[in-house]
Amino acid sequence: MDCVVYMRWSSSEQSKGSTLERQRADCWSHAAEQGWRVLEELVDDGISAFKGEHAATGQLSGFVRDVEAGRYPEGVILLCEKLDRLSRQEPSRVFLWMMNLTEAGVTVATVDGARRYSKGNLDMAAIIEVIVKAQLSHEESEKKSQRLGAAWAAKRRRLSAGEKFVMTRRAPGWLEVVGIPPRFVPIPERVDVVRRIFEETVAGFGKQHIARNLNCDGVPTFGRASGWHASAVQKILRNPAVVGELHPATKPRGSRREATGEVVQDYYPVVVDADLHRRAAAAMAERSRRFTGRGRRLVNLFSGLARCEACGAKMTFRGKGRKQRADGSWVNEDYLVCDGYQRGRGCDNHLHYNYAVWEDGILSPIIYEALREESFAPQAEIQELEIEVARLERANELASVRTRTALDLAIETGRHEARSAWTDLTAKSDEAEAALDAARERLIRIRGSLSVEEQQERVRTLRASLDHPDEDVRFEARSKIKSAVHALVTDLTFSGPEQVGVTMTVGGDRRVSIDHDEIKGGTEWIMGRLDGRPLA
């Protein structure tokens with residue numbers, strides 16, 4: 001008789017032990033004793049029978065589909081170690097599943113007790129045996145799930161109450177757990193890699209480029225992978241543990257982790273300061289707008305920002321590159337064109353704005369604005385306060401989330417405890433908001449009128465590298481410039497065709513008008529305050 005051996009365990013930890021070897025040895029030995037020919041092995045590793053995932057997505061579900069498709073016309077034996085390897089669901093579900101399987105010509109056999117269940121011998125005694133075993137297995141799994149859930153819930157409550165302890169020895173790749181009682185300790189060389197990833201993200205690099213840089217520099221990965229991948233970089237960027245936060249989650253046996261919505265601050269050692277974390281998040285959000293130019297050229301610094309004044313449509317880039325004329329001279333034939341005109345949407349602004357000319361014209365007043373300031377606060381002092389503001393922003397955001405959650409619970413349950421918790425959290429949220437407002441005011445005072453000094457400085461220092469012959473240098477420079485321009489400029493409009501020019505708002509308080517000088521073949525600009533006051 002043909003036989004298929006089925007082996008399963010629900011915990012990924014069990015796969016590290018002897019579970020597979022024991023089940024395999026017992027099943028093959030039993031099949032040999034019975035004279036059965038083993039056709040294949042089916043293994044569901046780390047898949048729960050309590051939730052029924054194995055019967056829906058595992059190899060057992062594939063076996064059932066094969067039976068229904070007529071793959072075993074002469075019948076087949078499904079052999080497993082114990083009946084609970086097949087299912088730990090409610091007894092009624094187990095019995096119906098067994099009935100359907102045996103009706104299709106399958107004989108279910110177990111090494112435990114040398115039992116067989118088939119269409120011909122599934123009598124009352126066998127039915128009772130199946131139901132009793134299923135009930136015991138289901139109750140065991142239910143109790144184990146409840147005990148584990150209660151234990152983890154108790155740990156989460158202790159953390160939320162402010163108690164400091166290591167909840168689990170599983171740690172992010174840049175930390176290790178040492179000592180008794182256990183504590184998290186940063187791994188210095190890995191922490192440096194994490195900070196580098198965030199700094200390169202702020203500089204404008206995407207995760208693919210960062211992974212490439214790490215591999216080119218021979219930086220070891222945090223695991224067994226042979227090299228860095230974009231997915232690994234993204235996981236680090238998205239991991240709240242870098243700023244010390246633990247986001248607890250529940251994980252029913254065999255199911256995916258689900259976040260509880262709670263946040264425990266200062267659980268892990270902070271390896272990325274709040275300001276760097278905030279700037280990296282902003283850079284990732286900016287990159288998600290997909291405004292990068294073709295390949296590694298980053299030709300258009302203003303995509304997603306530039307608009308046509310006549311119709312409001314975006315200005316699209318039409319690139320033909322540099323062309324040599326008949327007289328031997330070279331001309332740049334990259335242009336910005338109104339998308340509304342280009343697609344026949346009724347706009348009459350048919351002008352093709354030479355990109356090289358207008359890039360230079362738009363960047364010039366930005367650079368002037370950066371160089372115009374004569375008084376700068378000490379950079380170290382500014383950076384320290386920026387970190388404090390970013391930390392308070394994060395704390396205020398988390399306090400607001402907790403307050404809203406408590407309010408929803410108070411409304412839903414009407415319980416006094418929930419209303420009291422909401423009142424306490426509201427007071428803490430108000431305190432967090434007041435502290436944030438005070439820190440923001442201090443930052444504005446220390447910066448003076450230059451509230452975007454860092455971005456402006458980046459534009460100034462990188463201008464010379466925009467057209468560098470080295471591709472990597474050019475790409476890095478244009479990435480940083482693009483990020484800074486999109487942070488500084490809140491609107492950028494191209495006017496035409498009667499009066500050709502560009503207007504933009506810089507730093508939130510200055511208006512710049514740029515006109516084309518046909519005689520000189522370049523641009524001229526003037527700047528003024530939005531409120532009409534004269535420039536200092």
Side-chain angles (χ1 to χ4, degrees), residues 1-67 71-72 74-91 93-95 97-102 104-123 125-145 148 253-254:
M1 189 70 178
D2 290 337
C3 169
V4 172
V5 172
Y6 178 69
M7 294 163 284
R8 181 200 61 78
W9 52 90
S10 58
S11 171
S12 59
E13 293 299 313
Q14 288 177 287
S15 63
K16 300 175 183 177
S18 59
T19 300
L20 174 61
E21 290 76 10
R22 188 195 67 247
Q23 292 188 48
R24 174 178 286 145
D26 289 348
C27 289
W28 277 81
S29 176
H30 186 76
E33 291 174 3
Q34 302 300 320
W36 298 336
R37 181 170 65 99
V38 177
L39 297 178
E40 62 179 321
E41 290 182 350
L42 305 177
V43 179
D44 280 329
D45 178 357
I47 297 182
S48 173
F50 180 50
K51 296 295 183 180
E53 293 177 346
H54 68 314
T57 61
Q59 291 200 13
L60 184 61
S61 66
F63 170 78
V64 174
R65 288 194 296 271
D66 288 342
V67 170
R71 179 178 175 182
Y72 308 101
E74 303 300 325
V76 68
I77 295 173
L78 179 63
L79 176 63
C80 58
E81 181 188 39
K82 297 179 181 179
L83 197 61
D84 62 7
R85 296 296 172 189
L86 294 177
S87 182
R88 284 178 172 259
Q89 292 183 286
E90 296 88 347
R93 287 175 176 259
V94 176
F95 177 68
W97 186 83
M98 289 271 291
M99 283 287 294
N100 291 333
L101 200 59
T102 55
V106 176
T107 297
V108 177
T110 63
V111 176
D112 179 38
R115 298 297 294 156
R116 298 189 202 179
Y117 308 96
S118 62
K119 183 178 180 181
N121 72 350
L122 203 59
D123 54 17
I127 292 172
I128 293 174
E129 181 182 24
V130 169
I131 292 176
V132 169
K133 287 185 176 180
Q135 181 67 33
L136 292 174
S137 297
H138 182 70
E139 289 178 354
E140 179 187 354
S141 290
E142 184 72 44
K143 290 176 181 178
K144 187 179 293 185
S145 177
L148 288 173
R253 286 173 58 83

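The OG1 atom of T107 sits 13.0 Å away from the OH atom of Y72 when rounded to the nearest 0.5 Å. For the atom pair L42 CG and S61 OG, the distance stands at 10.0 Å (nearest 0.5 Å).
Between L83 and T110, the closest heavy-atom pair is N-CG2, 3.8 Å. Between V5 and M7 the shortest heavy-atom distance is CG1-CE, 4.1 Å. Between C3 and L79, the closest heavy-atom pair is SG-CB, 3.7 Å. Nearest heavy atoms, C80 versus C27: C-SG, 3.8 Å.
The closest donor-acceptor contact from the side chain of D44 to the backbone of Q59 lies under 3.5 Å. The main-chain N or O of M98 is found under 3.5 Å from a side-chain atom of T102 such that the two form a donor-acceptor pair.
Contact annotation: the side chain of M1 never approaches that of Q34 to less than 4.5 Å [non-hydrogen atoms, C-beta and beyond]. Taking 4.5 Å as the limit, some side-chain heavy atom of L60 sits within range of a side-chain heavy atom of L78.
The ring-ring contact (aromatic ring centres under 6.0 Å, His included) check on W36 picks up H30, with sequence neighbours excluded. For R71, the salt bridge (Lys or Arg N to Asp or Glu O under 4.0 Å) partners are E40, D66, not counting sequence neighbours. Partners of D2 according to the side-chain hydrogen bond (donor to acceptor under 3.5 Å, both in side chains) rule, which considers only residues two or more places apart in sequence or in another chain, are R37.
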